[in-house]
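One-based numbering, in listed order, for ligands and for the atoms of each. Computed from a predicted structure; not experimentally measured. In this chain, residues are counted from 1 in sequence order.
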Amino acid sequence: MCGIVGYSGKKSCLPILLGGLEKLEYRGYDSAGVAVYDGSKVKTVKTQGRLVLLREKLRNGLPGTCGIGHTRWATHGAPSDVNSHPHGTDRLTLVHNGIIENYSELKEELTQKGYSFISQTDTEVAAKFLDACYDGDPISSIRKAVSHFRGSYALAIIFFDRPNTIYALRQGSPLIAADTEEGSMIASDIPALLEYTRDFYLPDEGEILEITENNIRFFDSGGNPAEKKKVTANWSAEAAEKGGYPHFMLKEIYEQPEVVSLTVKTYLTEKCKLSEKPAKRILISACGTAMHAGIAAKQAIEELAGIPVVVDIASEFRYRSPVFCEGDQFIVISQSGETADSLAALRLAKKAGIPTIGLVNVQGSSIAREADHVLYTYAGPEIAVASTKAYNVQLAALFAVSIALAVQNGRLSEEEADWYLSELAAMPEKIKKVLALEKEVAEAAKRFNASDHCFFIGRGMDYAAAQESSLKLKEISYIHSEACAAGELKHGTISLITEGTPVVAIATHPRLWEKSLSNILEVRARGGAVLLVCQENVPVPEGTADILLRIPSCPPLFTPMLTLPLMQLYAYHSAILRGCDVDKPRNLAKSVTVE
Ligand code: AGP
């Protein structure tokens, strides 16, 4: 939920730190700070508010070639100057991404030792606990301190008696490192370092890094020197920039044809068989948008492969004592591969001995490294907090997996599978057609913008699409929206439909069209204003909808891949009309690496 950076080299570190933090602001942006060794002492400058305020505070510069930086998403302690990072003592300073869950007992222990505290953060406790353990040997002191920590952390530390060196480690939070021509660097995520290199080290949990100006040394959890191989990110620096769009979100919406095509092509070539024999049952667990992709996958896997699928919100799954059965297979879906609840759900399944598959977008992420088998999606960097292209590539991958399972289960012949795969390969061009409707969608957003409420209804795969559509709208426009299974309306929700209430009816499934139509008429009869999304060539009776948007025809199972780009644009324009910060919506962060 926070972003950390570190640099040790021959260059002035401040521009490098601030530039890296800028690329990590999507991870959290309610305060920021740096600590830099200026040749005589380590100077800390930090502030509540966006990075631009920290830049203002540092407008006269800060000399030094070794430093660490942080951009925060508050977990313990409200956003404030005193709660912002770095935190430290008179012997060390550090920045932290994650949560030290047992910080209050550690704080009690430290108070007994005479330590006092000025912030409400778990990070200050971590810094003072490390201080209490520090005996002049960084590696053993760090190992000793973190052996008492429970929770998740990625830490970057400077000890004042060796101020040109940074120590770093991770447990449950992301961290990457790189030795470049400019010097040695660490960061929470790839975009922060992409302008310098595409070759990174991916430290394992518990490993400690010692970063000096021209070297990075690794120590395993036992404190012994370890060797690390680099991996190469298939992202370029400009790919992580806005590419001329006003917002990352719009850029990422328009990247969908390209990245869906890349993902489908990869899955067509690399046969995506999950295992030698198909599972008897598939458990899917994820959060937010990824969970909505799982709900769509359930429909596809059950319909095509005839395998029962259970989809769980990860934060529920990990605490509800799930019952595992012989023949189960567990799939965790995560764009970032770092979502704490999803990682915990994966670990729970692994502990039960269930074969696990991670469907992730970020190479080398924690989930990618811990799952027994990893299926990558190829959305490239998704910077906007609202997930768009990642959802569509997750669908593409999951539909390809569903087809492979159906063939394996003898439910689809090779020819039928080839037909489905050719339809899947045709989806990028159809997404382009949908994106060409942006003007109409913007008009629709304008017509419904007066209301602070919006309902999304659908049946089957359209209900799966409605759930993701609703999340998109609420998270960036702050309009209260909810998804309701169209057939469920009359069991309660319809009491909320009054004159002019906006209802987005997603009705793309031919077999369910008549039923969906009657639900739409129920809404109309109560005065609801209807935006109808249906397939082209479907006759829509006069007066059924106030606004009608049509998607190109495609297999009913694949329709969310076309409905969602429309709904993403609807959410985007609604947010713009309301003056919201589209890429960094309030209270949210891109990767929820804490519980
Ligand atoms: C969706 O727009 C949100 N950004 C959020 O719900 C996100 O999908 C969720 O936090 C899961 O993230 P992940 O895919 O990186 O695990």
Side-chain angles (χ1 to χ4, degrees), residues 1 26-29 73 152 172-174 188-191 247-250 252-253 256 284-297 311-318 331-347 357-368 370-371 374-377 379-395 397-398 464-465 467-478 481 483 560 564-565 567-572 574-575 580-595:
M1 295 286 245
Y26 68 90
R27 301 178 59 83
Y29 33 81
W73 188 82
S152 63
S173 292
S188 297
D189 198 358
I190 290 172
H247 299 97
F248 277 115
M249 183 178 176
L250 194 60
E252 289 153 10
I253 288 171
Q256 290 180 97
I284 296 177
S285 195
C287 301
T289 291
M291 193 268 292
H292 294 152
I295 290 172
V311 182
D312 262 294
I313 297 172
S315 55
E316 290 296 302
F317 180 81
R318 64 182 294 197
I331 300 178
V332 57
I333 306 169
S334 175
Q335 185 285 128
S336 63
E338 300 297 347
T339 299
D341 287 322
S342 306
L343 188 55
L346 168 63
R347 288 171 176 167
I357 294 136
L359 181 70
V360 296
N361 189 48
V362 177
Q363 291 180 324
S365 56
S366 301
I367 288 176
E370 294 195 23
V374 61
L375 290 175
Y376 280 116
T377 54
E382 187 175 70
I383 307 299
V385 166
S387 190
T388 51
K389 58 178 181 173
Y391 173 77
N392 227 329
V393 298
Q394 286 162 356
L395 291 184
L398 289 161
Q467 293 173 78
E468 174 55 13
S469 304
S470 172
L471 173 62
K472 246 359 73 188
L473 182 66
K474 73 176 80 168
E475 71 175 323
I476 63 169
S477 72
Y478 316 143
S481 72
L564 259 297
M567 296 291 98
Q568 292 159 2
L569 287 171
Y570 181 82
Y572 175 80
S574 299
C580 301
D581 185 336
V582 169
D583 284 337
K584 299 185 187 113
R586 68 187 181 204
N587 307 340
L588 292 177
K590 181 63 182 172
S591 180
V592 186
T593 55
V594 293
E595 277 200 59

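Closest to atom 13 (P) of ligand 1, if we only count protein heavy atoms, is T339 OG1, 3.3 Å. If you check which protein heavy atom lies closest to atom 10 (O) of ligand 1, you get V592 CG2, 3.8 Å. When hydrogens are left out, the protein atom nearest atom 15 (O) of ligand 1 is S336 OG, 2.7 Å; that is the closest non-hydrogen contact.
Checking side-chain atoms of S285 against main-chain N and O of D312 turns up a donor-acceptor pair under 3.5 Å. Panel note: side chain N361, backbone G337; no donor-acceptor pair is recorded below 3.5 Å. K590 places no side-chain N or O within donor-acceptor distance of the main-chain N or O of K584, the cut-off being under 3.5 Å. A distance-only check finds a donor-acceptor pair linking the side chain of E382 to the backbone of A390 [under 3.5 Å]. Formation of a donor-acceptor pair under 3.5 Å by the E252 side chain with backbone atoms of A384 is found in this model. In terms of modelled atom types and a separation under 3.5 Å, the side chain of Y572 and the main chain of H247 share no donor-acceptor contact.
Side-chain contact between H292 and Q394 is absent, with no heavy atoms from C-beta onward closer than 4.5 Å. Residues S342 and I367 are in side-chain contact: their nearest non-hydrogen atoms beyond the backbone lie under 4.5 Å apart.
The atoms of ligand 1 that sit less than 4.0 Å from any heavy atom of S387 are 1 (C), 2 (O). For ligand 1, the atoms closer than 4.0 angstrom to any heavy atom of A386 are 2 (O). Every atom of ligand 1 with a heavy atom of V385 under 4.0 Å away is listed here by number and element: 2 (O), 3 (C), 4 (N). The ligand atoms of ligand 1 that sit less than 4.0 angstrom from a heavy atom of T289 are 1 (C), 2 (O), 6 (O), 8 (O).
In E475, the part holding a heavy atom less than 4.0 Å from any atom of ligand 1 is the side chain. The residue M291 has no part lying near ligand 1, judged by heavy-atom distances below 4.0 Å.
Residue Q335 has at least one N or O atom closer than 3.5 Å to an N or O atom of ligand 1. Taking only nitrogen or oxygen atoms, main chain and side chain alike, G288 does not reach within less than 3.5 Å of ligand 1. Considering backbone and side-chain atoms alike, S342 places every N or O at 3.5 Å or more from each N or O of ligand 1.
Under a 4.0 Å heavy-atom criterion, C287 is in contact with ligand 1. The closest approach between any non-hydrogen atom of H292 and ligand 1 is not below 4.0 Å.
Using a 3.5 Å distance cut-off with no hydrogens or angles, the side chains of T289 and K472 do pair a donor with an acceptor.
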